[in-house]
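The structure under discussion appears below in the form of structure tokens.
Each chain gets a letter, A, B and so on, in the order its sequence line appears, and its residues count up from 1. Because only heavy atoms are used, hydrogens play no part in the values below, and waters and symmetry mates are left out as well, while side chains stay in.
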Amino acid sequence: AQSVTQLGSHVSVSEGALVLLRCNYSSSVPPYLFWYVQYPNQGLQLLLKYTTGATLVKGINGFEAEFKKSETSFHLTKPSAHMSDAAEYFCAVSDTGGGADGLTFGKGTHLIIQP
Amino acid sequence: NAGVTQTPKFQVLKTGQSMTLQCAQDMNHEYMSWYRQDPGMGLRLIHYSVGAGITDQGEVPNGYNVSRSTTEDFPLRLLSAAPSQTSVYFCASSTRTDTQYFGPGTRLTVL
């Protein structure tokens with residue numbers, strides 16, 4: 001069975017500081033990994049995904065994540081936080097490339113940006 | 001394209017009532033899924049479908065029914081609502097290898 005652990009239900013950073021959101025996964029097969037963002041009272045928007053190939057994945061809004069198989073991690077980073085980055089972030093794993101047979105989500109990390 | 005649409009946006013039910021949450025997509029995706037989102041729990045898969053006429057259970061299927069008679073529609077039925085089903089419900093669709101696209105959600109309260 002797959003599982004996703006997101007360390008820290010709340011993360012607070014200052015505007016302009018590095019954003020680091022942690023995600024560890026377990027999977028019995030080579031995983032497909034995703035980060036989604038949810039703004040208040042909205043649906044989920046894909047930030048980036050890892051399927052195969054390059055382990056450093058670049059996404060929208062300046063975010064990127066690195067797949068580290070040896071550490072079973074897929075941490076999300078952004079060099080400089082902006083006030084508009086305040087949102088809920090979810091890491092997810094799937095056996096299939098698109099998660100078509102369902103994604104397994106972490107519990108989410110609420111990112112707070114301090115002015 | 002409208003993408004994935006969900007109706008209603010908000011619903012209040014009394015315990016024991018039934019209702020259907022509607023989900024439709026106009027992208028000709030064969031795969032569709034229903035999730036529920038609860039505070040501190042992330043999103044959990046309720047049911048999914050890999051094509052018209054084919055459905056399967058996810059992590060939390062109890063209390064919910066689904067059917068898929070067309071490619072476009074994937075309704076979620078609550079036969080006898082319970083307070084534990086108070087949640088935000090999201091529908092998603094995709095092809096086999098493409099990313100899932102999520103609808104805007106339905107916020108359901110069961111009193």
Checklist entry - Should B/Y31 and A/Y32 be counted in the same cluster of Ile, Leu, Val, Met, Phe, Trp and Tyr side chains packed under 4.5 Å apart? => result yes
Item to check | Region of A/L44 that comes under 4.5 Å of a non-hydrogen atom in chain B | outcome: both
Checklist entry - Should A/V11 and A/V19 be counted in the same cluster of Ile, Leu, Val, Met, Phe, Trp and Tyr side chains packed under 4.5 Å apart? => result yes
Item to check | Single-linkage hydrophobic cluster A/L20~A/I60, side-chain heavy atoms < 4.5 angstrom | outcome: no
Next on the checklist: Does any backbone or side-chain atom of A/Q38 lie under 4.5 Å from a heavy atom of chain B? Answer side chain, backbone, both or neither.
Outcome noted: side chain
Checklist entry - If two hydrophobic side chains count as joined below 4.5 Å and joins carry through other members, does B/Y89 share a cluster with B/V4? => result no
Next on the checklist: At a 4.5 Å cut-off on heavy atoms, which part of B/R44 comes close to chain A: side chain, backbone, both, or neither?
Outcome noted: neither
Checklist outcome for this item: Heavy atoms of A/L103 and B/Y35 approach each other most closely as N-OH, 2.9 Å
Checklist entry - Do the side chains of A/L111 and A/Y39 join up, straight or via other hydrophobic residues, at under 4.5 Å, putting them in one cluster? => result yes
Next on the checklist: Taking side chain as everything from C-beta outward and backbone as N, CA, C, O, which of these in B/Q37 sits under 4.5 Å from a heavy atom of chain A? Side chain, backbone, both or neither.
Outcome noted: side chain
Checklist entry - What heavy-atom pair brings A/Y36 and B/T99 nearest, and what distance separates the two atoms? => result OH-CG2, 3.4 Å
